[in-house]
Amino acid sequence: MSELIWQKSSFSGGDPENACLELASGTGDSCYLRESDESDVVMASDVSKLRALLLAVKAGEFDYLA
């Protein structure tokens with residue numbers, strides 16, 4: 001895996017103690033996710049599947065799990 005450029009949400013603030021999800025783009029349709037406080041654990045996905053997950057979360061499709 002080549003050097004990835006990780007992006008953190010601006011909502012996480014500047015405090016390094018704030019753990020949050022970070023995203024990185026890969027080649028083609030690939031993307032990578034990691035938890036900022038466990039940066040050695042990386043999950044690979046593709047952009048279309050991540051987009052579908054985010055749209056489902058925003059639509060409330062998982063609210064029954066709360």
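Everything quoted here is computed from the prediction, not taken from an experiment.
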Whether Ser45 side chain and Cys31 backbone form a donor-acceptor pair below 3.5 Å: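 No; zero donor-acceptor contacts below 3.5 Å.
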Thr27 backbone acceptor or donor facing Ser30 side chain under 3.5 Å: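 Such a contact is found between Ser30 side chain and Thr27 backbone.
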Heavy-atom neighbours of Gln7 CD exceed 12 at 6.0 Å: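 Counting neighbours around CD of Gln7, 12 or fewer heavy atoms of other residues, nucleotides or ligands fall under 6.0 Å, so no.
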Joint cluster assignment, Val47 & Leu53, ILVMFWY side-chain distance < 4.5 Å: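 Different clusters: Val47 never reaches Leu53 through Ile, Leu, Val, Met, Phe, Trp or Tyr contacts under 4.5 Å.
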Cluster check Leu33, Ile5: I/L/V/M/F/W/Y, side chain < 4.5 angstrom: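 They do not share one cluster, since no chain of ILVMFWY contacts under 4.5 Å joins Leu33 to Ile5.
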CG on Leu4 to CG on Leu23, rounded to 0.5 Å: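 So the CG of Leu23 and the CG of Leu4 are separated by 11.0 Å.
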Rounded distance [0.5 Å steps], CG in Leu50 versus CE in Met43: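 With rounding to 0.5 Å, CG (Leu50) is 7.0 Å from CE (Met43).
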Atom of Arg34, atom of Val41 and distance for their closest heavy-atom approach: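 The answer is CB-O, 3.3 Å.
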Closest heavy-atom pair and its distance - Gly26, Tyr32: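 Taking every non-hydrogen atom into account, CA-CE1, 3.7 Å.
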Name each donor-acceptor pair under 3.5 Å that joins a side chain in residues 56-66 to protein atoms two or more places apart or in another chain, with its distance.
none

Trp6 and Val42, any side-chain heavy atoms less than 4.5 Å apart: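 Counting from C-beta outward, Val42 and Trp6 do come under 4.5 Å.
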Listed partners of Asp46 passing side-chain hydrogen bond (donor to acceptor under 3.5 Å, both in side chains), at least two apart: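 Asp46 satisfies side-chain hydrogen bond (donor to acceptor under 3.5 Å, both in side chains) with Ser48 only.
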